[in-house]
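Take a look at the structure set out below.
This chain uses plain numbering: 1 for the first residue, then up along the sequence. The analysis underlying the following values was restricted to heavy atoms, covering all of them including side chains, and did not include hydrogens, waters or symmetry mates.
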Amino acid sequence: MRRRGSCREEGGRGGGMGGEEARPRRGGGLRRAGDEKGPEGGGRRSGPAPGPPPRGFRWLWRQLKLWRLGPLGGSKMATAAAGALGLLWGWLWSERFWLPQNVSWADFEGQGDGYGYPRARDILSVFPLAAGVFSVRLLFERFIAKPCALHVGIQDSGPYQAQPNAILEKVFMSITKYPDEKRLEGLSKQLDWDVRKIQCWFRHRRNQDKPPTLTKFCESMWRFTFYLCIFCYGIRFLWSSPWFWDTRQCWHSYPYQPLTSGLYYYYIMELAFYWSLMFSQFTDIKRKDFLIMFVHHLATIGLITFSYINNMVRVGTLVLCLHDVSDFLLEAAKLANYAKYQRLCDTLFVIFSAVFVVTRLGIYPFWILNTTLFESWEMIGPYPSWWLFNGLLLVLQVLHVIWSYLIARIAFKALIRGKVLKDDRSDVESSSEEEDITTNSKGPCGRSSSNGANRVNGHMGGSYWAEE
């Protein structure tokens with residue numbers, strides 16, 4: 001494969017008669033050489049067909065080519081399918097999509113400094129690492145988080161079991177889980193039960209399918225531990241990185257920015273963690289924002305993967321660290337809620353809300369999006385994967401706005417009514433007996449759950465920050 005014009009910064013512009021090499025523009029952009037342009041030296045160069053994919057994916061590329069050729073007398077349908085797959089594979093790893101102009105995959109084969117340049121094959125190592133992260137999580141929840149939960153008084157028991165009743169069970173499973181007043185009166189006459197007793201039965205039956213507080217505590221403690229550790233590592237790494245203080249350094253000499261060991265481990269570990277969250281989301285506690293979180297995980301994984309393959313890892317580390325700073329505060333507030341520490345929970349939620357709004361609605365658009373949209377446009381110019389990368393960043397910003405609205409809505413209700421009502425996404429309901437107790441309770445966290453995890457005593461229960 002022919003190596004195109006190199007973009008390594010040699011200093012100065014140089015003006016040889018034999019055609020000049022591509023030079024960095026304004027600290028890292030790429031300028032096409034005169035002899036690389038069209039027949040008259042101007043216009044866009046058509047260039048050769050897209051080259052093979054980066055090393056590490058070439059085995060599959062060769063298999064597709066062999067399958068396309070096929071044995072003599074092979075099926076025409078199989079040949080056509082193989083040809084279509086080959087074209088799709090070639091388009092997927094097209095240099096014109098992933099890389100700036102006059103840059104090829106071959107330019108990244110050199111070792112460079114440190115860990116060399118990012119290679120697409122590194123992404124394959126994430127999947128076994130994600131499985132390892134998930135295994136560590138199971139061990140952590142079993143041998144560390146669960147003993148901690150028991151130590152702070154969280155009971156290892158499920159919610160109250162509803163009294164078996166075939167008629168009510170049939171209504172619950174096939175008709176409605178929330179019977180109206182008319183249906184309650186009919187059931188009361190049919191069973192000769194008090195209406196309040198039937199309401200209590202339906203509440204207990206709904207709570208019966210909900211996860212116990214112990215499970216939620218273990219889940220939150222794992223996320224809190226990871227987010228806190230990875231944030232401390234990230235801020236320590238970025239503190240000595242020049243692009244942390246000057247975002248234009250993210251694009252200086254781009255895309256020829258070698259990896260360091262610290263940057264490589266930071267990036268791959270974050271990607272493995274989010275892949276583990278993607279898989280475990282289907283087994284974790286289900287909440288009403290499942291779709292939003294699914295989109296969030298997809299956008300995050302897409303951002304990390306795309307930015308790694310086309311070597312936008314410097315700005316990627318800024319995005320990761322900016323998100324981790326508020327995530328561990330949210331998990332800490334949830335832990336305090338499950339452990340029934342009211343003041344600590346309230347304090348952590350206030351801190352989390354302030355940090356979330358400042359980082360997601362302030363620093364993120366005016367620091368991150370500013371450098372990815374404007375500074376990068378000025379220094380390297382747009383190309384296809386650049387548009388996709390920024391599109392994913394904008395999707396993330398939309399999610400930030402939605403979550404900020406939910407947080408502000410809960411905080412506003414708390415200020416107006418003097419207490420936080422149950423979040424619309426809450427996965428635990430209150431039993432009738434506990435509602436009687438909590439009716440006149442004061443304070444911002446006066447709500448409880450059926451399994452006794454979030455009793456009154458001024459403790460949070462079902463609030464937004466505890467159930468997000």
message: With side chain to side chain contact (heavy atoms under 4.5 Å, CB included) as the criterion, how do I175 and R183 come out once you've worked through the C-alpha distance, each side chain's angles and the decisive distance to 0.1 Å?
response: CA-CA 11 Å; I175 300 178; R183 189 175 298 276; 3.7 Å; yes

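- The ring of F134 has its center no closer than 6.0 angstrom to the ring center of F279.
- Ring geometry for Y266 versus F237: interplanar angle of 30 to 60°, hence tilted.
- For the residue pair S326/R360, the side-chain donor-acceptor check at 3.5 Å is satisfied.
- Classified by interplanar angle (parallel below 30°, tilted 30° to 60°, perpendicular above 60°), the ring pair H400/H323 is tilted.
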- request: With side chain to side chain contact (heavy atoms under 4.5 Å, CB included) as the test, would you mind laying out the steps for W201 and R206 before giving the verdict?
  value: CA-CA 9 Å; W201 187 95; R206 288 193 295 266; over 6 Å; no

- prompt: Can you check side chain to side chain contact (heavy atoms under 4.5 Å, CB included) on I198 and S188, steps first, answer last?
  reply: CA-CA 7 Å; I198 297 177; S188 176; 3.9 Å; yes

What pairs of donor and acceptor atoms, side-chain ones from residues 140-151 against any protein atom, are under 3.5 angstrom apart with sequence neighbours left out?
from : atom 1 : to   : atom 2 : distance (Å)
E141 : OE2    : R137 : NE     : 2.8
E141 : OE2    : R137 : NH2    : 3.3
K146 : NZ     : D156 : OD2    : 3.4

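- Considering every non-hydrogen atom in both F244 and L238, the closest pair reads CB-O, 3.1 Å.
- Classification of D324 and R223 as a salt-bridged pair fails, no side-chain N sitting under 4.0 Å from a carboxylate O.
- Aromatic pair W386/W377: centroids less than 6.0 angstrom apart.
- Counting heavy atoms from C-beta on, the side chains of R248 and T371 never come closer than 4.5 Å.
- In this structure, T260 contributes its side chain and L263 its backbone to a donor-acceptor pair below 3.5 Å.
- Remark: F389 pairs with no residue by the ring-ring contact (aromatic ring centres under 6.0 Å, His included) rule, at least two apart or across chains.
- Residues satisfying the ring-ring contact (aromatic ring centres under 6.0 Å, His included) test with F172, not counting sequence neighbours, are none.
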Which atom pairs, one a donor and one an acceptor, fall under 3.5 Å between side chains of residues 304-315 and the rest of the protein, sequence neighbours left out?
from : atom 1 : to   : atom 2 : distance (Å)
T305 : OG1    : I301 : O      : 2.8
S307 : OG     : Y267 : OH     : 2.4
S307 : OG     : L303 : O      : 2.7
S307 : OG     : I304 : O      : 3.1
Y308 : OH     : D122 : OD2    : 2.5
N310 : ND2    : S385 : OG     : 3.2
N311 : ND2    : P255 : O      : 2.6
N311 : ND2    : Q257 : O      : 3.2
R314 : NH1    : Q249 : O      : 2.8

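- Residues K177 and F202 approach most closely at O-CD2, 3.7 Å, considering heavy atoms.
- Checked against the 6.0 Å centroid threshold, W245 and W239 count as a close aromatic pair.
- Nearest heavy-atom pair across L168 and L187 is CD2-CD1, 3.8 Å.
- Legend: residues meeting ring-ring contact (aromatic ring centres under 6.0 Å, His included) with F224, ordered by chain and number and at least two apart, are absent.
- The minimum heavy-atom distance linking L361 with F366 is given by the pair O-CE1, 4.1 Å.
- Scored by the ring-ring contact (aromatic ring centres under 6.0 Å, His included) test, Y227 finds F273 as partners (sequence neighbours excluded).
- Considering T225, L335, N337 as possible partners of S220, the one that fulfils the side-chain contact (heavy atoms from CB on, under 4.5 Å) test is L335.
- Between K216 and E219 no salt bridge is recorded (no basic side-chain N to carboxylate O distance below 4.0 Å).
- The shortest heavy-atom contact between H297 and Y274 is ND1-CD2, 4.2 Å.
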